[in-house]
Amino acid sequence: MPNIKLPDGNTLTFEKKVTGLKIAEKISKSLSKQALVISVDGNLKDLNFEIENDCSVKIHTSKDKEGIEIIRHDTAHVLAMAVQELFPGTQVTIGPVIDNGFYYDFARDEPFTHDDLQKIEKKMKEIIERDEPTHREIWERDKAIEHFKKAGEIYKAEIIKSIPKEEEVSIYFHGKWHDLCRGPHLLSTGRIGKYFKLTKVAGAYWRGDSNNEMLQRIYGTSWSSQKDLDEYLKRMEEAEKRDHRKLGKEMDLFHFREESPGSVFWHEKGWNLFQKLISFMRSKQDAAGYKEINTPEVLDRTLWEKSGHWEKFGENMYTSTTPDEKIFAIKPMNCPGCVQVFNQGLKSYRDLPLKMSEFGKVHRYEPSGALHGLLRVRAFTQDDAHIFCTEGQITQECLSVTNLILEIYKDLGFENVILKYSDRPNTRVGDDNVWDKSEKALLEAIKASKLEYSINKGEGAFYGPKIEFVLRDAIGRDWQCGTLQVDLNLPGRLGASFIDKDGSKKVPVMLHRALFGSLERFIGILIENYAGKLPFWISPLQTAVIPVSNDFDEYAKKVHKEIKKVGISSEVDLKNHNLNYKIREHSLSKIPILLICGKKEVDTNSVTIRRLDSNKQENMDLKLFLKKYSALNKVPSN
RNA sequence: GCCCUUGUAGCUCAGCUGGUAGAGCAAUUGAUUUGUAAUCAAUAGGUCCGCGGUUCGAGUCCGUGCGGGGGCACCA
């Protein structure tokens, strides 16, 4: 006689054991149709799972996260079924749910083609129409291993072997086809619906380990309605339109070329944007008490050996041998150089905290497959800084870095920031008790900041734990930008010291921090966040002056000159094209303000403003325009 | 680095099963003098990514190298 407690507080009592489906039927007919899965005392179960004891339940539909995930999981199973029906001999491995969809990894000698995806999709729809019923069996481990081995499913057998002994081995059947799976699943394939799409094929290592063989992964997306699917596909299209590589070309900001993969060739406008960000950051850091320095790009190997980079970071370093056969490394990080500046001259406890910033260009040999536009390059400029302080100052200094970073992101239009905390990695320098200390100090600072954070185990830098600042852009994507690291190792290794109050020599703590992270990456993110339509103050080319015809060229030139005089960048377009053409061209290159000059403007000494993304026209006295827009030509919060 | 895919004019792309290349835009020149997202015409423009091979003949087929894209692994 199970008593079933429902989320609304009511309790249903049943004579004998009961399934989720029966409960749903009892509640309402529509719920029984929409029901996908049930959670019993918080554990997700199949709808035909038999409940014998008192419990509280919640029935999930496609409106819940749980419901949509079941749909995706089942779609992945149907994908595997379809693949095995179409391509016998293909082995199945794993097929989990991911954000917005699912994937399934297969082992097959022949690669899947794009045409195959279409065929597979068709077959999947067929399987859904067949409405294969689901049922679950518990198998004895050895029997299960034997079974899958016999069936040629080596990977499945491997997976079963790695299931902890105390867990049961459950096998799900959809009709005759079956797969090892923890579940739960829908009652039948028909309940999936047909709002899915296979999106791409890709290689993926078995168990995510690059030492293992490569499998073929098929990605798909799956939803509970056509509307949701369409919206998702539209979001993907929108993201593609924002691609900074495409916009960078259209806006004439930068390009890449074969001769230096992963390194940016900045064009005039791109470099202007780059410099604007640097001077913005420079003024913020100046106000926060940082001292800017600059250190060499090429440094002797012995320094990198001392710092530990040679051993721990060597694979990512470019080196160079001089004619006299000395080995130098091109810096992959700015920290060792910065410590050299700290080491010049005696430092007192009174000098601490000492904050030294550097816009340092670093080179890292990144695997070719990792390169991606501005977001992952081999040569990049960090807005780096190193804060030398005492152990007692760590928390306070971390807090002021965090505040500075939030302020800067906000100025650039990013309000959503998440923290990720990473502790000691396997490849590291320094004793564990030193790591204990730095991890504790950094965690304290995070807690004091009261911001939300997640933990990335083992992802820290080789010399210390770190926080990463992740910002969320206009269309909900997350980007990792800034970083803050506590380092109790490098200063000692590189011989840094200060004289403390009591006259004794002590080793300072060093905080590494970068707020944009990499200027290159940050610019890529800015472009995508704004879809190229950068705020006026940061736009590399802010205005274009367009005469209605040649007759007004002189006036246009005069306006252009006046604008430049107040520090707004401008271009005057005297080409022999009509007005429509010029407006189109300059709009496509994302110039925020177009100024049209014709007879009316000449007569009244004014300009007609056309803003990017609006076809409204506004006529304004030239003097007023200059006044108004030079006021707008500043960081918004100032 | 690994798997798949791709590389033709400044850009975007066409070129079926092998017979030494084409379009639109951009550029140049000329005409037009334009009032809010492409005016018309003419001209010029290419070691079809590099190297090797098959073939009477390769943009097209094969091998290899380099670059790009999508993932994986790695990461700011």
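Throughout, a chain's letter reflects where its sequence line sits, starting with A, and its residues are numbered from 1.
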(message) If you apply the rule salt bridge (charged side-chain N to carboxylate O under 4.0 Å, His left out), what do you find for A:Glu250 with A:Lys246, and how did you get there?
(response) CA-CA 6 Å; A:Glu250 286 170 13; A:Lys246 182 172 160 272; 3.6 Å; yes

(message) Suppose you measure atom C1' in B:G24 against the same atom in B:A9; what distance do you get, rounded to whole Å?
(response) 12 Å

(request) Begin with the C-alpha distance, continue with both residues' side-chain angles, and end with the deciding distance and a verdict on salt bridge (charged side-chain N to carboxylate O under 4.0 Å, His left out) for A:Arg282 and A:Asp383. (result) CA-CA 9 Å; A:Arg282 191 170 270 147; A:Asp383 59 327; over 6 Å; no

(request) Kindly say if A:Arg364 contacts the phosphate of B:C75, meaning a side-chain N or O under 4.0 Å from OP1 or OP2. (result) no

(request) Check whether any side-chain nitrogen or oxygen of A:Tyr219 sits under 4.0 Å from OP1 or OP2 of B:C72, and answer yes or no. (result) yes

(request) Please report, rounded to the nearest Å, how far the P atom of B:C3 is from the CG atom of A:Asp116. (result) 19 Å

(request) Kindly indicate whether the side chain of A:Met317, heavy atoms from C-beta on, has any atom under 4.5 Å from the side chain of A:Trp304. (result) yes

(request) Describe the nucleic acid contact of A:Thr608 in one word from base, sugar-phosphate, nothing, applying a heavy-atom distance below 4.0 Å. (result) base

(message) Is there a ring-ring contact (aromatic ring centres under 6.0 Å, His included) between A:His309 and A:Phe462? Walk through the geometry before answering.
(response) CA-CA 9 Å; A:His309 285 83; A:Phe462 74 80; 4.9 Å; yes

(request) Provide, to the nearest angstrom, the distance between the NE2 atom belonging to A:His372 and the C1' atom belonging to B:C74. (result) 15 Å

(message) What's A:Lys466 touching, base or sugar-phosphate or nothing? Going by heavy atoms closer than 4.0 Å.
(response) sugar-phosphate

(request) Determine the interatomic distance between P on B:G52 and the same-named atom on B:A58; round to the nearest Å. (result) 13 Å

(request) Report the distance from atom CD of A:Glu601 to atom P of B:U36, rounded to the nearest whole Å. (result) 12 Å

(message) Using atom C1' in both nucleotides, what's the gap between B:A26 and B:A38 to the nearest angstrom?
(response) 12 Å

(message) Any heavy-atom pair between the side chains of A:Cys481 and A:Phe522 that's under 4.5 Å?
(response) yes

(request) Could you check how far NE2 of A:His255 sits from C1' of B:U12, rounded to whole Å? (result) 18 Å

(message) Taking the C1' atom in each of B:U28 and B:U60, what is the distance between them to the nearest angstrom?
(response) 33 Å

(message) Measuring from the side chain of A:Asn550 (C-beta onward, heavy atoms only), which nucleotide among B:G70, B:U33, B:A76 has the closest atom?
(response) B:U33

(message) With rounding to the closest Å, how many angstrom separate the C1' atoms on B:C25 and B:A14?
(response) 15 Å

(message) Taking B:C2 as the reference, what is the distance to B:C13 when you measure between their C1' atoms (whole Å, please)?
(response) 31 Å

(message) Could you tell me how far apart A:Phe274 (CZ) and B:A76 (C1') are, to the nearest whole angstrom?
(response) 13 Å

(message) Distance check needed: B:U36 P versus A:Glu618 CD, whole Å only.
(response) 17 Å

(message) Is A:Tyr365 close enough to B:C75 that one of its side-chain N or O atoms is under 4.0 Å from OP1 or OP2 there?
(response) no

(request) Tell me the partner of B:A27, counting only Watson-Crick (N1-N3 plus N6-O4 or O6-N4) or G-U wobble (N1-O2 and O6-N3) with both under 3.5 Å; none if nothing fits. (result) B:U43

(request) Describe the nucleic acid contact of A:Thr483 in one word from base, sugar-phosphate, nothing, applying a heavy-atom distance below 4.0 Å. (result) nothing

(request) Please report, rounded to the nearest Å, how far the P atom of B:A37 is from the NE2 atom of A:His577. (result) 16 Å

(message) Would you measure the distance from the P atom in B:G69 across to the matching atom in B:C11 and give it in whole Å?
(response) 15 Å

(request) By nearest nucleotide on RNA chain B, pick out whichever of A:Leu371 and A:Ala204 is the more 5' one. (result) A:Leu371

(message) Can you check the distance between B:U64 and B:U5, where both ends of the measurement are the P atom (answer in whole Å)?
(response) 14 Å

(request) For A:Leu198 and B:G71, give me the distance from atom CG to atom C1', rounded to whole Å. (result) 15 Å

(message) For A:Phe254 together with A:Phe274, are the ring centres under 6.0 Å from each other?
(response) no

